[in-house]
Visitor: 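Have a look at this one before I ask anything.
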2 protein chains.
Amino acid sequence: MNTPPSMVRLTTQRQILLEELSKVNTHPTACELYKMVQKRLPRIGLGTVYRNLEIMVDSGIILKLELGGEQKRFDATTEPHYHVRCTVCGKMDDVTLQVQEEITKKAAEKTSYKIIGHLLEFTGECPDCQKAQAAKTKEADTA
Amino acid sequence: MNTPPSMVRLTTQRQILLEELSKVNTHPTACELYKMVQKRLPRIGLGTVYRNLEIMVDSGIILKLELGGEQKRFDATTEPHYHVRCTVCGKMDDVTLQVQEEITKKAAEKTSYKIIGHLLEFTGECPDCQKAQAAKTKEADTA
DNA sequence: TTTAAATAGGATAGTAAGTATCATTTATAA
DNA sequence: TTATAAATGATACTTACTATCCTATTTAAA
């Protein structure tokens with residue numbers, strides 16, 4: 001068993017990436033994070049962002065949210081919790097709802113799969129999009 | 001209010017696509033469906049598959065599963081139900097678990113989003129991958 | 001029943017998110 | 001100090017999916 005001379009270095013890029021991700025609770029996409037980090041490290045490459053996010057996911061520092069939507073999103077909170085996704089703008093937020101452990105057991109009884117866990121995502125309309133929608137409706141009424 | 005001269009035709013391609021999708025319960029990807037349909041319609045284009053799947057989703061005939069994983073999957077059963085995804089091979093199956101309506105209400109109390117519904121996906125290892133894993137472990141032991 | 005309009009199909013080009021490659025730089029260890 | 005490993009940034013590539021375009025088919029009108 002030869003341990004390879006491998007160790008995850010806390011480079012400036014990784015540190016700033018993690019700082020920026022921890023700063024927000026909207027679970028940004030890789031591209032959004034790239035833009036955020038670019039303000040502090042203008043020469044950073046998009047590849048570095050993707051690479052380091054993946055490394056941090058693998059080492060359990062952050063979570064990758066792979067549910068609905070086109071793009072993957074990232075989350076600095078690693079404790080299991082649920083999310084809402086806005087069906088209009090795609091934004092994601094946390095839902096501070098007790099994680100349902102028992103549902104995993106129930107599912108395990110119903111299938112021949114070896115169940116590991118579950119992902120729960122709520123869908124809805126975010127406050128901003130609700131407002132925008134209301135404004136639009138009002139506009140149509142007066143027209 | 002001018003209704004456009006639009007109506008969804010039940011073409012051969014659409015019919016066969018729907019038949020093939022209804023035949024299986026593994027929720028195939030567009031690409032998998034393409035291969036399935038190709039056996040009966042060798043000249044069909046991949047674009048036609050994507051286009052018609054989208055049309056059928058829009059008209060509510062089938063469901064698009066946009067949860068975890070790289071690709072979207074399709075489901076001929078439109079009643080709300082849950083799924084398991086194999087974390088090894090990506091295969092998806094149904095979980096015949098009672099849909100938790102009350103969880104949506106609970107979530108609505110915890111967020112400023114206007115909650116519409118929820119998506120629940122279990123993760124685990126499918127029987128085939130469990131077997132393959134077991135065989136691999138055994139091989140390593142004897143080596 | 002021919003003709004016109006709408007719709008659909010197949011081929012192909014284009015997008016966009018994400019991944020792989022590679023030369024260069026930076027950090028660590030001998 | 002030097003050798004080795006690892007990380008970076010630039011760029012090329014892959015893949016799932018979408019848009020475009022021209023042809024074919026279906027439907028409706030004359």
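Residue numbering restarts at 1 for every chain, and letters A, B, ... go by the order of the sequence lines. Only heavy atoms go into these numbers, but all of them, side chains included; no hydrogens, no water, no symmetry mates.
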Visitor: Could you state the atom-to-atom distance from CG of A/L17 to P of D/dG9 in whole Å?
Guide: 11 Å

Visitor: Between B/C31 and B/T11, just flag the one whose closest nucleotide in DNA chain D comes earlier from the 5' side.
Guide: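 Closest to the 5' end, via its nearest nucleotide, is B/C31.
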
Visitor: Find which nucleotide of DNA chain C each of B/G47 and B/E70 is nearest to by heavy atoms, and output the residue with the more 5' nucleotide.
Guide: B/G47

Visitor: Can you tell me the distance, in whole Å, between the CG atom of A/D58 and the C1' atom of C/dT19?
Guide: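 For the pair A/D58 CG and C/dT19 C1', the rounded distance is 14 Å.
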
Visitor: Give the rounded distance in Å between these two atoms: CG of A/N52 and P of D/dA7.
Guide: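 Those two atoms, CG and P, are 8 Å apart.
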
Visitor: Check this for me: does any side-chain nitrogen of one of B/R40 and B/E20 sit under 4.0 Å from a carboxylate oxygen of the other?
Guide: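 Looking at B/E20 together with B/R40, the answer is yes, because their closest N to O distance falls below 4.0 Å.
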
Visitor: Is there a donor-acceptor pair under 3.5 Å between the side chain of A/Q13 and the backbone N or O of A/L41?
Guide: no

Visitor: Indicate whether OP1 or OP2 belonging to C/dA17 is found under 4.0 Å from a side-chain N or O atom of A/T29.
Guide: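 Negative; the distance criterion is not met.
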
Visitor: Closest-nucleotide mapping onto DNA chain C: is B/I55 or A/K64 further toward the 5' terminus? I mean the 5' end.
Guide: B/I55

Visitor: Is there a side-chain contact between B/Q38 and B/I44 (heavy atoms, below 4.5 Å)?
Guide: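 Yes; the side chains approach each other to less than 4.5 Å.
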
Visitor: Expressed in angstrom and rounded to an integer, what is the separation of A/L46 atom CG from C/dT15 atom C1'?
Guide: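 Taking CG of A/L46 and C1' of C/dT15, I get 15 Å after rounding.
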
Visitor: Between A/R14 (CZ) and C/dT26 (C1'), how many Å, whole number?
Guide: 12 Å

Visitor: Any side-chain heavy-atom pair from A/V57 and A/F74 closer than 4.5 angstrom?
Guide: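 Counting from C-beta outward, A/V57 and A/F74 do come under 4.5 Å.
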
Visitor: What's the closest nucleotide to the B/Q13 side chain, out of C/dG10, D/dA10, C/dA8?
Guide: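 Closest nucleotide among those given: C/dG10.
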
Visitor: Can you tell me which nucleotide in D/dA7, D/dG9, C/dG18 comes closest to the side chain of A/A30?
Guide: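 Closest of the options to the side chain of A/A30: C/dG18.
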
Visitor: So, A/E70 and B/K72, do they make that salt bridge, N to O below 4.0 Å?
Guide: yes

Visitor: Does the plane of the ring in A/H81 sit parallel, tilted or perpendicular to the ring in A/H27? Use 30° and 60° as the thresholds.
Guide: tilted

Visitor: Rounding to a whole Å, what distance do you find between A/L53:CG and D/dG9:P?
Guide: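 Rounded to whole Å, this separation is 13 Å.
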
Visitor: Measure from the side chain of B/E54, starting at C-beta and using heavy atoms only, and say which of C/dT19, D/dG9, D/dT18 lies closest.
Guide: D/dT18

Visitor: Strictly below 4.0 Å: does A/T48 bring a side-chain N or O up to OP1 or OP2 of D/dT8?
Guide: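 So the side-chain polar atoms of A/T48 never come under 4.0 Å of the phosphate oxygens OP1 or OP2 of D/dT8.
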
Visitor: Considering only D/dG9, C/dA17, D/dA16, which nucleotide approaches the side chain of B/Y50 most closely?
Guide: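 Nucleotide nearest to B/Y50's side chain: D/dA16.
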
Visitor: By the 4.0 Å heavy-atom rule, please label A/I44 as base, sugar-phosphate, or nothing.
Guide: sugar-phosphate

Visitor: Quick one: A/Q38 CD to D/dG9 C1', roughly how many Å, whole number?
Guide: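 Nearest whole value for this atom pair: 12 Å.
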
Visitor: Using a distance-only criterion (donor-acceptor N/O pair, under 3.5 Å, no hydrogens), is the base of C/dG9 paired with the side chain of B/R9?
Guide: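 Under the 3.5 Å cut-off, the side chain and the base do not form any donor-acceptor pair.
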
Visitor: With distance as the sole criterion, do the side chain of B/R51 and the base of C/dG10 form a donor-acceptor contact below 3.5 Å?
Guide: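 Between C/dG10 and B/R51, which were checked side chain against base, a qualifying N/O pair under 3.5 Å is present.
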
Visitor: Given D/dC17, D/dA7, C/dG18, identify the nucleotide with an atom nearest to the side chain of A/Q71.
Guide: C/dG18

Visitor: Round to a whole Å and report the spacing from CD of A/Q15 to P of C/dA27.
Guide: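 These atoms are roughly 12 Å apart.
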
Visitor: With the side chain of A/R43 defined as its heavy atoms from C-beta on, choose the nearest nucleotide among D/dA7, C/dG9, D/dG9.
Guide: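 Out of D/dA7, C/dG9, D/dG9, the nucleotide with an atom closest to A/R43's side chain is D/dG9.
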
